[in-house]
Amino acid sequence: MFRKTFIERLVAAGHVVVLSGAGASAESGIPTFRDPEGLWAEFDPTELASMSGFLSDPVRVQSWYSARSRNVLRVEPHAGHHALVDLERLVPKFTLITQNVDGLHARAGNRNVLEIHGSLLKNRCVSCGDESPPLDVSPDAPEPARCECGGLIRPSVVWYGELLDPEVMREATAAAEDCDVFLSVGTGAEVHPAASLPLVAADAGAYVVEVNPRKTMISDRVDEAIRGPAGAVLPALLERLSEVS
Ligand code: OAD
C-alpha cells in the first residue's frame with residue numbers, strides 16, 4: 001500500500017505536516033461537503049455559510065450550526081484520528097493543519113493543531129466580538145440568539161467571502177514550506193488557500209502524499225496517492241512504521 005520511498009522519507013523526517021479535510025472525519029459520522037451525500041448537495045452554502053445568508057435569516061443559520069455542533073459532540077474520533085496522534089508522538093516535529101471545524105483532532109489527543117477554518121464549538125458576537133460556547137437554537141425559535149450587548153451571535157467558522165485568520169495561515173504556510181513529508185488526508189482540495197498548501201510543500205521539496213478514496217484536484221501533483229479511507233490507511237501506515245523503526 002505504501003511505497004518504500006514514502007516510508008523512508010517518513011522515518012527520516014524532521015517535520016511532518018498533515019492537512020485534513022472533511023473526509024478525515026467521515027468515518028466518525030460527520031458528513032463531508034462535496035461528496036454526493038455531502039452537506040452542499042442538500043444545503044446552499046450562500047444561505048448557510050455567508051454573512052449575507054446569516055443576516056437574512058439568523059435563526060435558520062444559528063439553528064443549523066447548533067445541530068452541527070450537537071452532532072460533533074455526539075460522535076467520537078475514529079482509528080484514523082488516533083493514528084495521527086501516534087504519528088505526532090513518533091516524529092520530531094508535527095503540525096496538523098485542519099479545515100475541519102469539529103474539534104475531533106484535539107479530542108483524539110493531537111497537540112499542534114491549526115484550525116484554519118475555525119471551530120463549530122466556538123461562537124462570537126458580530127458586534128463586540130465576545131466569545132461564547134455552542135448555541136442551542138431551534139429552527140422555530142422566535143428570535144435569534146444575541147449577546148448581552150445586543151449583537152447577533154455567529155459561529156466562529158470561516159464563511160465564504162471571509163479571510164482566514166492571517167496569523168494561523170502564516171503558521172500553516174510556514175509549516176508547509178518547512179516540512180519534509182506532507183500528508184493531505186480527506187480533502188477534495190477545492191477550497192483555497194488550504195488547497196494550495198500541498199503544492200507549497202511540494203515546491204519546497206517535501207514528499208507529498210494524498211490519502212483519499214477518490215481522485216482530487218491535486219492528485220496529479222502529489223508524489224503518491226493512496227486510494228482508501230483515512231480510518232483504514234492511517235492505522236496501516238502507523239503499523240508499517242512500527243515494523244521499520
Ligand atoms: P469536501 O467535501 O470538498 O471533500 C471531502 C473529501 O473527502 C473528498 O475528496 C472525498 O473523496 C474524501 N473522503 C470521503 N470519505 C473519506 C474517507 N473515509 N477517508 C478519506 N477521504 C474521504 O471537503 P473539504 O475538502 O474538507 O469550509 O472541503 C473544504 C472546505 O469546504 C471545508 O472546510 C468547508 C467547505 O465549504 C468551511 O467550513 C469554511
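One-based numbering, in listed order, for ligands and for the atoms of each. Just so it is clear, the model here is predicted, and its values are computed rather than measured.
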salt_bridge([X], [Y]) N-O dist < 4.0 Å:
X    : Y    : value
R3   : D223 : no
E88  : R111 : no
D136 : R70  : yes
R170 : D165 : no

- prompt: At the 4.0 Å heavy-atom cut-off, does G38 count as touching ligand 1?
  reply: no
query: Is the shortest distance from a heavy atom of V157 to ligand 1 less than 4.0 Å?
result: no
Looking only at side chains, do [X] and [Y] share a donor and an acceptor under 3.5 Å apart?
X    : Y    : result
Q99  : T187 : yes
H15  : D180 : no
R227 : S219 : yes
S20  : T98  : yes

If the cut-off is 4.0 Å to any non-hydrogen atom of [X], which atoms of ligand 1 fall inside it?
X    : answer
F33  : 2 (O), 23 (O), 32 (C), 34 (C), 35 (C)
P229 : 17 (C), 18 (N), 19 (N)
A230 : 17 (C), 19 (N), 20 (C)
W40  : 35 (C), 36 (O)

field: Shortest heavy-atom approach to atom 28 (O) of ligand 1 - which of E27, E190, H192, R34
entry: R34
- request: Could you pull out, from G186, A26, A49, the option with a heavy atom nearest to atom 5 (C) of ligand 1?
  value: G186
Provide, to 0.1 Å, the distance between [atom] and the closest protein heavy atom, together with that atom's residue and name.
atom                    : answer
atom 27 (O) of ligand 1 : H117 ND1, 3.6 Å
atom 36 (O) of ligand 1 : Y160 OH, 2.9 Å
atom 39 (C) of ligand 1 : V158 O, 2.9 Å
atom 29 (C) of ligand 1 : Q99 OE1, 3.3 Å
atom 11 (O) of ligand 1 : N212 OD1, 2.7 Å
atom 30 (C) of ligand 1 : V191 CG2, 3.8 Å
atom 14 (C) of ligand 1 : D35 OD2, 3.5 Å
atom 13 (N) of ligand 1 : G23 CA, 3.6 Å

Does any N/O atom on [X] come nearer than 3.5 Å to any N/O atom on ligand 1?
X    : result
G21  : no
T187 : yes
V101 : no

message: Can a donor-acceptor pair be found, under 3.5 Å and without considering hydrogens, that links the side chain of N100 to the backbone of G21?
response: yes
- prompt: Got a sec: does the CZ of R34 have more than 12 other heavy atoms crowding it under 6.0 Å?
  reply: yes
- prompt: Considering only heavy atoms, does W159 approach ligand 1 within less than 4.0 Å through its side chain, its backbone, both, or neither?
  reply: neither
message: Classify the ring geometry of H81 against H105: parallel below 30°, tilted from 30° to 60°, perpendicular beyond 60°.
response: perpendicular
- request: Side-chain contact test, heavy atoms from C-beta onward, threshold under 4.5 Å: evaluate it for S52 versus T46 and give yes or no.
  value: no
